[in-house]
Amino acid sequence: MASITPLTRRSEIHSDFHKDLALLPGRNDIARRVNENSVKEAIKNILLTDRGERLFQPLVGSDIRALLFENVSPVTSIIMRDRIQSALEAYEPRCGLKDVEVLGDIDSNSVRINVVFYVINNETPQTLSIDIDRVR
Amino acid sequence: MANISPVQNLDFFETKSALKTYLSNQDRFADYDFEGSNMNVLLDLLAYNTFYNNYYYNMAISEMFLDSAQERNSIVSHAKELNYLPRSRRSAKANVTINITATQAGNFFIIPKDTKINGKCGNTTFSFLTEKAYTAVTSQILQRDSKGDIILVPRTYSVSGVEVFQGRLLTETLDITDTVLSNNMIDTRSLYVEVNGDEYVYKTDIFGITATDKVFYLQPEEDNKYSIQFGQDKFGKQPTAGDTITAKYRITSGPDANGVNSMTSNGIAGSAGVSITVNTASAGGMISETGDSIRTFAPKALQVQERAVTTRDYEILLRNRFPNIEAISVYGGDEVEPPQFGKVIISVDVTGGEGAADFEIAPSELRNHRRVRCEIEVQ
């Protein structure tokens, strides 16, 4: 008698579409980001949003772009980290923040932001790395 | 899936909340409620677009009706359709006695029209003008020497009951293609119009006007301005291109000049000294008619059509001309004891007594609008 292994369908707690409204390959249906990927995308959106950018919601965003023309120093990194932490605590309730690391790379004119977090109700730590560099 | 609820308000967040409620009925995209999600960006866009359209249409459509228009220019435009002329600013008026010291042989001293008098209210000085010429007289007799020749000595000429109006005179030369008077602080009662040196008379309606009558009409324009209209050679003579239209009028500070009780003069040509006694402090200065007032009276004015027939017509005409009326009651003489047939009795209370003197002209104003021979009495 064959044994039956019960399958548990992976639940989808969080679901969002892609920023570019991408379609599923070969289908005319919109592709989705679910669970951790959805939260990661949301965190990225918050980090790259400046305050005053959202209509009628002037406080939404991390405002790290305002530090664009500051000299890169340990203080800048600390300010950036504080802004990221406060923005995520305020606007991303699904994210249990564990650590935020801001690494400035003067030679390449870029900053790497590492956000370590776990999604609420899921104890697996997640890491999101974002590189911010000049565009020209 | 439930239908999306219609947006019933102009609030951005209420609109966004309605969209979220709609999305809560599906489970394919669950992140609509988080600020960072891509869905939220789309929701912001939709909510803003809805908000913007709602606001725009609400404002635009509101302005299309007299009842709901908020902009004064819109209200005036609707009133224009009803042949209603909103009241302009009104100059404060004071009653003074002028004493003039002059050395001359005659017993009369002419105070010309538009003579300027200064009045002070607090730290602000206002100019007042006479609206017509007055004649001051002296009671002092001429002295003669032993030969019987006249000795010219300074004598005092006096005139009381001089009405002076606050404001400054402006003269504009207009072209028939653009007859809008440029200053919006005008007191239209003072407007004097000439075309090629011929005086044109102001008329409020076309009743009895022929094609050759030299008359002009006033029409409200944007921003509290007025334009001069002519009769198109049907209801008055129409100036042609190249004619010189001269408009002379008084601009006024309105209610700011109320309560002036001290006046002086810089001198009148031919006089050695002028002293002024204020009999009645300046009163009756007003701002131009407010949007709310126009909204109220424009339809009523159309109803009355400038005719005083019923007692209600009298009330509306008077309230329109004398906005400081606090309460008014008009009734026929047949209602009093003993009956006074052929009489209309107006009982009026004027706000704070201000402008009460102005009300004396009410019967003469109404005489032009009554349609039956009746006597008008103001109490």
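Below, each value reflects all heavy atoms present in this structure, side chains not excepted, and no hydrogens, waters or symmetry copies. Proteins get letters first, then strands, A, B, ... in listed order; numbering begins at 1 in each.
- Within the 4.5 angstrom heavy-atom criterion, only side-chain atoms of B:F12, from C-beta onward, approach chain A.
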- request: Show your reasoning for whether salt bridge (charged side-chain N to carboxylate O under 4.0 Å, His left out) applies to B:D67 and B:R295.
  value: CA-CA 7 Å; B:D67 280 341; B:R295 208 196 321 271; over 6 Å; no

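- Interface residues of residues 80-98 of chain A toward chain B, defined by a heavy-atom distance below 4.5 Å and sorted by number: A:Y91, A:E92, A:P93, A:R94.
- Side-chain atoms of B:Q166 and B:S91 form no donor-acceptor pair, as typed in the model, at a separation below 3.5 Å.
- Listed in order of number, the residues of residues 110-124 of chain A that approach chain B to under 4.5 Å between heavy atoms amount to none.
- Contact of B:Y32 with chain A is not made at all, since no heavy-atom distance falls under 4.5 Å.
- Side chains of B:S37 and B:E35: no donor on one and acceptor on the other come within 3.5 Å.
- Taking the ring centroids of B:F297 and B:Y84, they lie at or beyond the 6.0 Å cut-off.
- Looking at B:S62, its side chain never comes within 3.5 Å of a backbone N or O of B:S68 through a donor-acceptor pair.
- Side-chain N/O atoms of B:T177 and B:D175 include a donor and acceptor closer than 3.5 Å.
- With 3.5 Å as the limit, one finds no donor-acceptor pair spanning the side chains of B:S190 and B:D187.
- Highest contact tally toward chain A, considering only B:L42, B:D27, B:D31, is held by B:D31 [criterion: heavy-atom pairs under 4.5 Å].
- Only the backbone of A:I13 has a heavy atom closer than 4.5 Å to any heavy atom of chain B.
- The 12-atom threshold is not exceeded at NZ of A:K44, counting heavy atoms of other residues, nucleotides or ligands nearer than 6.0 Å.
- In this model, no donor atom of one side chain and acceptor atom of the other lie less than 3.5 Å apart for A:E53 and A:T49.
- A donor-acceptor pair is defined here as one N or O able to donate and one able to accept, closer than 3.5 Å; such a pair exists between the side chain of A:D16 and the backbone of B:M39.
- Judged by distance alone, the side chains of B:R89 and B:N224 never bring a donor and an acceptor atom under 3.5 Å apart.
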